[in-house]
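Residue numbers count from 1 along this sequence. Every value quoted in this text rests on a predicted model; they were computed, and no experiment measured them.
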Amino acid sequence: MRGRQVEYVVAVVEEGSFSEGARRVRVSQSALSQQVKALEGELGYALFIRGVGGARLTERGREFLPHARAALGAARAAVAAARDAAALEGGELRVAALHSMAMGLVPPALGVWRLAHPAVRVALTEYGHIDLLAAAMERGDADIGVGTEPAGWAGPLRVLGEEELMLVLPEDDPLLERPSVPLEALAERAWVLYAADFGLSPLLSRVFAKAGFVPRAAARVHHTATAVELAAAGLGPALVPADVIGARHAASAVRPAEPVVRRLVAFTRDDPAPAASAFADLLAAHVHRPSSTATKRDAAGEGSSDR
């Protein structure tokens, strides 16, 4: 049973005859009649009693009609939904992001998105590691991933820009009076670090190795926002993405003397939905841009992305 056949049946019923039904759907009467007969053959029973006065539904035809109308309505709704989604006037945008991206880069971008496309529903899922995020994207759990470059990703990928990491210290720390602070100047302190399975941990291990020391841990956390709060409270220095520090702790942030940046990307599966492509454009306009002094890569070079 094909959708056009169902449409023909409904047209004949609502117009009262095969000729008027054919005129409504813009096919010849013979073509419409053949298709209805083919449908009846597939079903194994007649839908219409044909006569000089027009066409009347059989008893089974009357039972068939409400289901035919429901199927036709569902098909039309599906077409309309697809059209709306393509025009960003409906549908859903599913975003998967690293925790730090969900705290910093993504919210302002979603705020702008909501104003521009209020009819598009948004779902956001957070991940602590880029490998977990990439696996979710492979499964089709989201339309667009936002984070660092996933290893071996074969689908479309857009570089959004670079994100700078800042040092967070207590507001009364005298080191904050400097324009920048060498990490080695903090080598004797206990640090607020990230859990081993958190995506930033490999990057920071390389950064500390370049600075010539292995930091002692005052605490290990799973969220960059937690690292900001603990560092500002005096538990120990922390390196955190600039976008998650916020105005409340801006006075506690200072740049490392050797800039630490990571490359941010948005990635999709093949043939991305229009909403995913449009959101990638919007994200690119909201990436925190490092200052002119923060133009060099960290110790691991181009491959230093948060994995």
Side-chain angles (χ1 to χ4, degrees), residues 1-96 113-125 136-145 154-156 158 266-282:
M1 181 171 62
R2 292 176 294 180
R4 291 291 285 175
Q5 292 173 326
V6 173
E7 183 182 9
Y8 293 165
V9 169
V10 173
V12 170
V13 172
E14 294 182 350
E15 298 301 325
S17 70
F18 278 77
S19 60
E20 291 302 316
R23 185 174 294 108
R24 169 170 147 177
V25 295
R26 299 181 180 180
V27 298
S28 68
Q29 181 175 340
S30 60
L32 181 144
S33 181
Q34 288 173 1
Q35 288 297 315
V36 172
K37 285 182 179 179
L39 175 58
E40 290 175 323
E42 183 180 340
L43 295 172
Y45 54 80
L47 295 172
F48 293 100
I49 300 172
R50 296 156 174 85
V52 177
R56 294 183 296 108
L57 285 171
T58 63
E59 181 179 351
R60 287 188 171 181
R62 289 192 295 272
E63 294 175 355
F64 178 86
L65 181 61
H67 300 286
R69 282 176 166 153
L72 186 59
R76 288 171 175 166
V79 171
R83 187 182 298 116
D84 288 346
L88 303 182
E89 295 176 354
E92 183 178 42
L93 171 66
R94 301 174 300 162
V95 181
W113 177 270
R114 176 61 68 193
L115 292 175
H117 309 293
V120 180
R121 301 184 305 277
V122 175
L124 173 63
T125 307
M137 288 291 295
E138 288 280 7
R139 294 192 301 269
D141 293 348
D143 302 310
I144 184 169
R158 176 171 178 175
F267 57 101
T268 66
R269 300 177 72 179
D270 291 333
D271 192 22
S277 298
F279 190 62
D281 292 341
L282 197 156

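Formation of a donor-acceptor pair under 3.5 Å by the R94 side chain with backbone atoms of G140 is found in this model. Remark: the backbone N or O of I144 is not paired with any side-chain donor or acceptor of R269 at under 3.5 angstrom.
Atom CZ of R56 is separated from atom CD1 of I49 by 4.5 Å, given to the nearest 0.5 angstrom. Note: Q5 CD to E42 CD = 6.5 Å, rounded to the nearest 0.5 Å. Rounded to the nearest 0.5 angstrom, L39 CG and Q34 CD are separated by 14.0 Å. Distance CD/Q35 to NZ/K37: 12.0 Å, rounded to 0.5 Å. Rounding to the nearest 0.5 Å gives a distance of 4.5 Å between CG of L47 and CD of E40. With values rounded to the nearest 0.5 angstrom, R23 atom CZ is found 9.0 Å from Q29 atom CD.
No side-chain heavy atom of F279 sits under 4.5 Å from any side-chain heavy atom of D143. Under the 4.5 Å side-chain criterion, counting only non-hydrogen atoms from C-beta, V12 is not in contact with S17.
A55 and F18 get closest at one heavy-atom pair: CB-CE1, 3.5 Å. For the residue pair A68 and V10, the shortest heavy atom distance occurs at CB-CG2, 4.1 Å. Here the shortest heavy-atom pairing between V120 and L93 reads CG1-N, 3.9 Å. Minimum interatomic distance between T268 and M137 (heavy atoms only, all atoms of both residues): CA-CE, 3.7 Å. Across all their heavy atoms, V25 and A11 have their closest contact at CG1-CB, 3.8 Å.
More than 12 heavy atoms of other residues, nucleotides or ligands sit less than 6.0 Å from atom CZ of R139.
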Checklist entry - Do H67 and V6 pass the side-chain contact (heavy atoms from CB on, under 4.5 Å) test, and can you show the C-alpha distance, the side-chain angles, and the key distance before you say yes or no? => result CA-CA 9 Å; H67 300 286; V6 173; over 6 Å; no
Next on the checklist: side-chain contact (heavy atoms from CB on, under 4.5 Å), that's the test. Do L43 and F64 meet it? Break it down for me.
Outcome noted: CA-CA 10 Å; L43 295 172; F64 178 86; 3.9 Å; yes
Next on the checklist: Under the criterion side-chain contact (heavy atoms from CB on, under 4.5 Å), I'd like the reasoning laid out for F48 against L57: C-alpha separation, chi angles, the key distance, then a yes or no.
Outcome noted: CA-CA 4 Å; F48 293 100; L57 285 171; 3.6 Å; yes
